[in-house]
Amino acid sequence: MSKGTYFIRTFGCQMNEHDSERLAGMLEAEGYRKTDSAEGASVVLFNTCCIRENADTRLYGNLGHAKAIKDRNPGMKIVVGGCLAQKDRSAIQERAPYVDVVLGTHNLASLPRLLRESDEAPSFEILEQTEAFPSALPARRNSTWHAWVSISIGCNNSCTFCIVPAVRGKEISRPVYDIVQEVQGLVEDGVVEVTLLGQNVNSYGRDIGGTPLFSKLLYALDEIRELERIRFTSPHPKDFRSDSVDAMANCRVVCEHIHLPVQAGSNAMLRRMKRAYTRERYLDKIAMVRDAIPDIAITTDIIVGFPGETEAEFEETLSLVEAVRYDAAYTFQYSARPMTEAATMDGHLPKEVVQERYERLAALQDGISYQRNERMVGAEQEVLVEGPSKKDPARLTGRTRMNKLVHFPTDGAEPGSLRTVRIDKANTHHLEGSLVEGRTTDAPRSMSLPLVASTTSACSGCA
Ligand code: 5AD
Ligand code: SF4
């Protein structure tokens with residue numbers, strides 16, 4: 001029996017996307033149908049993030065908007081779940097008393113019960129520990145050809161800037177067999193690409209077998225026929241070892257891309273951040289992965305303006321970026337988070353200083369991203385089609401195994417199909433290409449770069 005419709009808005013990372021698919025799955029099992037607008041919905045759910053302060057601010061803005069809709073439609077229920085709910089707890093109901101249900105990160109499975117209880121009075125439940133691994137819950141996936149697969153939840157590290165351990169708890173790994181079974185089932189449903197999720201995928205398994213099992217997991221998944229691509233996020237540089245690199249190089253399905261968050265380039269800052277590696281160790285890991293997979297794309301996360309960051313320390317971040325030559329970097333201005341050690345450190349920097357450094361870093365990285373993309377002009381790439389380009393329906397959008405976004409003329413291919421595309425033009429954040437006639441899936445898996453650089457190419461230096 002239909003109970004009306006639900007609308008979900010997800011903030012933050014891929015783990016939240018994964019959890020939202022479970023929340024949607026449970027609502028559908030209860031008889032709700034999905035809608036794309038909060039207006040007229042029976043349930044409006046915000047799955048929240050609290051990693052930086054602007055994520056908080058955005059939630060309260062959205063709640064104000066939902067309240068205006070609820071005033072016109074009093075039967076509508078507003079639900080707040082996820083990391084900010086775990087962090088703010090009862091504060092959400094104090095700031096927004098019209099919210100019907102608040103649930104944290106550890107009890108997604110309680111959503112149907114909490115919704116029923118909220119017929120009587122607002123219901124609120126935050127637990128300290130995970131009651132059921134979220135992957136065991138029914139899912140309503142947003143894509144037919146891609147799936148998020150959680151391999152572990154929580155984090156045992158204590159990076160001083162990061163609120164994740166406080167809101168997601170200790171690391172719990174899922175058994176290898178469960179993950180393989182899930183991926184097998186997904187492939188039978190038509191999924192061709194999976195992204196493995198964990199706060200620190202390289203420590204996966206330590207809590208269940210005593211030793212990390214990530215490379216074993218990759219080898220096991222590589223056996224699944226008809227799975228085309230595996231991505232994963234994120235490895236922690238301190239735990240990233242040669243067995244994982246070997247598995248990446250040897251497994252047909254593992255894409256030639258690694259996201260290896262560095263956060264800062266100076267040893268003093270890395271120490272204050274409690275990252276447990278040095279600049280030199282990090283650069284050794286980059287060399288190790290490039291030795292094994294020369295054309296791999298490397299991306300990273302960097303925080304600018306961590307407490308006490310000096311100009312000289314910031315310049316070490318710039319010089320590290322120049323040394324590594326990342327394909328792309330996600331750069332963040334430091335945001336003080338409650339329950340973190342860095343929030344109480346001395347030396348918080350004025351906004352103008354952080355902004356100015358942030359812009360210098362972005363300009364440097366944009367130049368490098370462009371050069372990294374320009375190396376690919378002339379190469380033939382296997383592209384997994386995501387769908388029509390948003391700007392131009394005559395073109396398709398897809399990603400190479402190196403995770404580069406490519407636009408190319410449509411041949412009517414459905415999302416999830418593979419095509420071979422020759423790269424014709426580089427931009428900072430995407431590539432443009434043309435279909436290679438008569439070829440669908442037989443592009444070289446690892447990129448073969450053209451021997452002669454394109455004529456428009458500026459020297460991009462060594463990779
Ligand atoms: N301020 C700014 N950026 C942060 N990140 C995590 N915590 C903070 C913070 N307090 C960034 C890190 C991490 C990414 C997911 O978010 O770079 O890798
Ligand atoms: Fe946060 Fe560090 Fe854990 Fe990543 S490894 S989730 S940055 S504490």
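Read the numbers this way: they start at 1 and go in the same order the structure lists the ligands and their atoms. As the structure is a prediction and not an experimental result, all values here were calculated from the model.
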Asks: Do R281 side-chain atoms and T278 backbone N/O form a donor-acceptor pair below 3.5 Å?
Replies: no
Asks: Any heavy atom of Q263 sitting closer than 4.0 Å to ligand 2?
Replies: no
Asks: Within ligand 2, which atoms have a heavy atom of R275 less than 4.0 Å away?
Replies: 2 (Fe), 7 (S)
Asks: Could you check atom 1 (N) of ligand 1 against the protein and tell me its nearest heavy-atom contact, residue, atom and distance included?
Replies: S335 N, 3.0 Å
Asks: Suppose we measure from atom 2 (C) of ligand 1 to each protein heavy atom; which comes out shortest, and what is that distance?
Replies: Q333 O, 3.4 Å
Asks: Could you tell me the residue and atom name of the protein heavy atom closest to atom 16 (O) of ligand 1, and the distance to it rounded to 0.1 Å?
Replies: R52 NH1, 2.9 Å
Asks: Assign the ring pair F11 / F46 to parallel, tilted or perpendicular, where the plane angle (0 to 90°) is split at 30° and 60°.
Replies: tilted
Asks: Say whether, by atom type as modelled, one donor and one acceptor occur between the side chain of K285 and the main chain of P237 under 3.5 angstrom.
Replies: yes
Asks: What's the verdict on ring-ring contact (aromatic ring centres under 6.0 Å, His included) for F332 and Y358, showing C-alpha distance, side-chain angles and the deciding distance?
Replies: CA-CA 8 Å; F332 305 102; Y358 178 81; 8.6 Å; no
Asks: For atom 1 (Fe) of ligand 2, what's the nearest protein heavy atom and its distance?
Replies: C162 SG, 2.3 Å
Asks: Atom 4 (C) of ligand 1: which of I303, T331, T340, T300 has the nearest heavy atom?
Replies: I303
Asks: Considering non-hydrogen atoms of the protein only, which is the closest contact for atom 2 (Fe) of ligand 2, and what is the distance?
Replies: C159 SG, 2.3 Å
Asks: Which residue holds the protein heavy atom closest to atom 7 (N) of ligand 1, what is that atom called, and what is the gap in Å?
Replies: F161 CD1, 3.3 Å
Asks: Taking the side chain as every heavy atom from C-beta outward, state whether V149 and E182 have any atom pair closer than 4.5 Å.
Replies: yes
Asks: Which atoms of ligand 1 are found less than 4.0 Å from any heavy atom of R337?
Replies: 10 (N)
Asks: Does R279 reach the side chain of L320, with side-chain heavy atoms less than 4.5 Å apart?
Replies: yes
Asks: Can you tell which part of S234 has a heavy atom less than 4.0 Å from ligand 2: side chain, backbone, both or neither?
Replies: neither
Asks: For the residue pair S150 and F133, what are the closest heavy atoms and their distance?
Replies: OG-CE2, 3.4 Å
Asks: For atom 14 (C) of ligand 1, what is the closest protein heavy atom, and at what distance to 0.1 Å?
Replies: D301 OD2, 3.5 Å
Asks: Pull out every atom of ligand 2 sitting under 4.0 Å from any heavy atom of H236, numbered as shown with elements.
Replies: 5 (S)
Asks: Distance to 0.1 Å, residue and atom name: give those for the protein heavy atom nearest to atom 12 (C) of ligand 1.
Replies: Q263 OE1, 3.4 Å
Asks: Classify the ring geometry of Y326 against Y282: parallel below 30°, tilted from 30° to 60°, perpendicular beyond 60°.
Replies: tilted
Asks: Decide if atom CD of E280 counts as having more than 12 heavy atoms of other residues, nucleotides or ligands within a radius under 6.0 Å.
Replies: yes
Asks: For ligand 2, which atoms, with element, lie under 4.0 Å from some heavy atom of C155?
Replies: 3 (Fe), 5 (S), 6 (S), 8 (S)
Asks: Looking at atom 6 (C) of ligand 1, what's its closest protein heavy atom, distance included?
Replies: I51 CG1, 3.5 Å
Asks: Are the side chains of M26 and P112 in touch, meaning some heavy atoms are under 4.5 Å apart?
Replies: yes
